[in-house]
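Inspection log for the structure reproduced underneath, given as structure tokens.
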Amino acid sequence: MMPHVTGTTRLYGLVGDPLTTAKSPELLNRLFIEQRADAVCIPFVVKDDDLPAFVTGARALGNLSGVLVTMPHKQRMLAFVDELHPTARQVGALNVIRCDKDGRWVGAIFDGLGCVLGMQWEGNHPANKSVLLVGSGGAGRAIAFAVASAGARTLTIFDVEERRADDLAKSVAAATGCTTHSGSADPLGFEIVINATPLGMNTNDPMPVNPERLDPGSIVVDIINAPEPTPLCRAAHARGCRTQGGRPMHEGQALHALRFLGFDYRPDGKSIPDDGLLSMAKDATH
């Protein structure tokens, strides 16, 4: 069932490249139908070099109310918004833009808060746990701050660009007080291992960590949406680990992002933890 589009329909877009595994348009359009909202979400495939041209055109659309932002634009898009929500200022990236009626674009990022909320829903709360985070790009940065803020006992960050991981670890430690440092991708000894890299989306990708080094009984979270289960989750499950794919994080992100855009959304059967993590999103909704 497609939403009925009229001359008054509000437009929401998802911008990125590639978008072949993107779930957001389907999720948003289903929500718009359920809530009888005069709105529609469509994908915009925009290559890296074409982002400035896209923004110029999008700014001219009087019925554009919001833009979801995914790879490879999460950091570059910072330069094209008028105001940054505290999450985007802290992380240095964004994944949702609210286009206010006065023409101002406000950017936020809920990758991190969404990841933690998804982990809580699945019974994998990072509080008081030793956590290894692999990847410190846009999503990884957001997850690092959110996991540390959620009470992780220790956080170790690995990235192929060692300087980037080290800089992020120092920023997270200073902002949250969590014991955070950069280190190797060896998962041995960690209670939670999070893959925040794209590794696993393509058939010939190497594993982000060596699954034979995972502690049986540890929790492995892979933020990739497809395939499901991912190669890492399959290997971790065979090793005796608890595994979590990308869907809970995606639903957690959606809850935060849609509230930021002014919609009441909660996945079926999911509760909203009263732990203060939602406050940032609530404080910035108009």
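Counting begins at 1 with the first residue of the sequence. Small disclaimer: the values here were computed from a predicted structure and weren't measured. Just so it is clear, the values below take in all heavy atoms, side chains as well, and ignore hydrogens, waters and symmetry mates.
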### Message
Is it true that, when you exclude H181 itself, more than 12 heavy atoms of the residues, nucleotides or ligands shown sit nearer than 6.0 Å to its NE2?
### Response
yes
### Message
Assess whether a salt bridge exists between D38 and R10, defined as any Lys/Arg side-chain N lying under 4.0 Å from an Asp/Glu carboxylate O.
### Response
no
### Task
Find out whether the Lys NZ or Arg CZ of R98 is both under 6.0 angstrom from the six-membered ring centre of W105 and within 45° of the ring's axis.
no
### Task
In sequence, state the C-alpha distance, the side-chain angles, and the governing distance for D82 and R59, and then conclude on salt bridge (Lys or Arg N to Asp or Glu O under 4.0 Å).
CA-CA 12 Å; D82 303 299; R59 288 269 191 178; 3.0 Å; yes
### From H256 atom NE2 to D111 atom CG, the distance as rounded to the nearest 0.5 Å
11.0 Å
### Query
What are the two closest heavy atoms between M201 and M71, and how far apart are they?
SD-CE, 4.4 Å
### Task
Give, for atom CZ of R153 and atom CD1 of I192, the distance between the pair rounded to the nearest 0.5 Å.
10.0 Å
### Query
Quick one: are L94 and V81 in side-chain contact, heavy atoms under 4.5 Å?
yes
#### Entry: Atom CE of M207 with >12 non-hydrogen neighbours under 6.0 angstrom
yes
### Task
Would you mind reporting whether P52 and R76 have side-chain heavy atoms less than 4.5 Å apart?
yes
#### Entry: More than 12 heavy atoms from other groups under 6.0 Å of CG on N204
no
### Message
Under a 3.5 Å threshold, yes or no: a donor from one side chain and an acceptor from the other, between E191 and S130?
### Response
yes
### Query
Between T21 and N225, is any side-chain donor less than 3.5 angstrom from a side-chain acceptor?
no
### Task
Report the C-alpha distance between I194 and L132 in whole Å, list the side-chain angles of each, state the deciding distance to 0.1 Å, and finish with yes or no for side-chain contact (heavy atoms from CB on, under 4.5 Å).
CA-CA 6 Å; I194 303 173; L132 170 64; over 6 Å; no
#### Entry: Note, T243 side chain near D222 side chain (heavy atom, < 4.5 Å)
no
### Message
Please find the pair of heavy atoms, one from A185 and one from P208, that lie closest to each other, and give the distance.
### Response
CB-O, 4.1 Å
#### Entry: Common cluster, V147/M249, ILVMFWY with side-chain heavy-atom separation under 4.5 Å
yes
### Message
Under the criterion side-chain contact (heavy atoms from CB on, under 4.5 Å), I'd like the reasoning laid out for V131 against T154: C-alpha separation, chi angles, the key distance, then a yes or no.
### Response
CA-CA 6 Å; V131 181; T154 64; over 6 Å; no
### Query
Hydrophobic clusters join Ile, Leu, Val, Met, Phe, Trp and Tyr when side-chain heavy atoms are under 4.5 Å apart, directly or via other members; which others share one with L199?
none
### Message
To the closest 0.5 Å, what do you measure between CG (D17) and NZ (K47)?
### Response
4.5 Å
### Heavy-atom donor-acceptor pair, T9 side chain to T6 backbone, under 3.5 Å
yes
### Task
Enter the distance from M119:CE to H125:NE2 here, rounded to the nearest 0.5 Å.
8.5 Å
### Query
Does the pair N195 and L133 meet the rule for a side-chain contact (heavy atoms from CB on, under 4.5 Å), with working shown?
CA-CA 6 Å; N195 174 39; L133 173 67; over 6 Å; no
#### Entry: Pairwise side-chain contact, V96 with I109, heavy-atom cut-off 4.5 Å (strictly under)
no
## Note on the structure
Note: A150 and A127 closest approach over all heavy atoms is O-CB, 3.6 Å
### Task
May I ask you to check whether D186 and S184 show a side-chain donor-acceptor distance below 3.5 Å?
no
## Note on the structure
Smallest heavy-atom separation, C41 atom then P25 atom, equals SG-CA, 3.8 Å
#### Entry: Nearest non-hydrogen partners of S149 and T176, listed with the distance
OG-CG2, 3.5 Å
### Query
Which residues satisfy the side chain to side chain contact (heavy atoms under 4.5 Å, CB included) test with K170, sequence neighbours excluded?
D166
### Message
Show the nearest heavy-atom pair for residues A175 and F145, with the distance to one decimal.
### Response
CB-CE2, 3.9 Å
### Task
Take Q253 and N95, measure what side-chain contact (heavy atoms from CB on, under 4.5 Å) needs, and give me the verdict at the end.
CA-CA 9 Å; Q253 284 177 282; N95 74 340; 3.2 Å; yes
### Message
Salt bridge check, R239 against D215: does any charged N sit closer than 4.0 Å to a carboxylate O?
### Response
no
### Task
Give a yes or no on whether I143 and V220 share a hydrophobic cluster (residues Ile, Leu, Val, Met, Phe, Trp, Tyr; joining criterion: side-chain heavy atoms under 4.5 Å apart).
no
### Query
Aromatic ring centroids of F32 and Y265 under 6.0 Å?
no
### Shared hydrophobic cluster, V15 / L11 (ILVMFWY, side-chain heavy atoms < 4.5 Å)
yes
### Message
Contact between L258 and L27 at the side-chain level, heavy atoms closer than 4.5 Å - yes or no?
### Response
yes
### Query
Are side-chain heavy atoms of L28 and L68 found at a separation under 4.5 Å?
yes
### Query
Any donor and acceptor pair, going by atom type alone, linking the side chain of D102 with main-chain N or O of R104 inside 3.5 Å?
yes
### Message
If I take atom SG from residue C241 and atom CG from residue L214, how far apart are they, to the nearest 0.5 angstrom?
### Response
4.5 Å
### Message
Under 4.5 Å between side-chain heavy atoms, counting indirect links through other Ile/Leu/Val/Met/Phe/Trp/Tyr residues: same cluster for V221 and L188 or not?
### Response
no
### Query
Atom CG in L78, atom CD in Q75: separation rounded to 0.5 Å?
7.5 Å
### Query
Do V160 and I157 sit in the same hydrophobic cluster, where Ile, Leu, Val, Met, Phe, Trp and Tyr count as joined when their side-chain heavy atoms come under 4.5 Å apart?
no
### Message
Check whether Q35 reaches the backbone of D264 with its side chain - one donor and one acceptor, N or O, closer than 3.5 Å.
### Response
yes
### Query
So, do H73 and D48 sit near enough that their side-chain heavy atoms are less than 4.5 Å apart?
yes
#### Entry: Proximity of H85 and F110 rings by center, below 6.0 Å
yes
### Message
Are M77 and L51 packed together at the side-chain level, in the sense that at least one heavy-atom pair is separated by less than 4.5 angstrom?
### Response
yes
### Message
Keeping D205 on the side-chain end and N202 on the backbone end, is there a donor-acceptor pair under 3.5 Å?
### Response
yes
### Task
Check the angle between the aromatic planes of F263 and Y12 and answer parallel, tilted or perpendicular using the 30° and 60° thresholds.
perpendicular
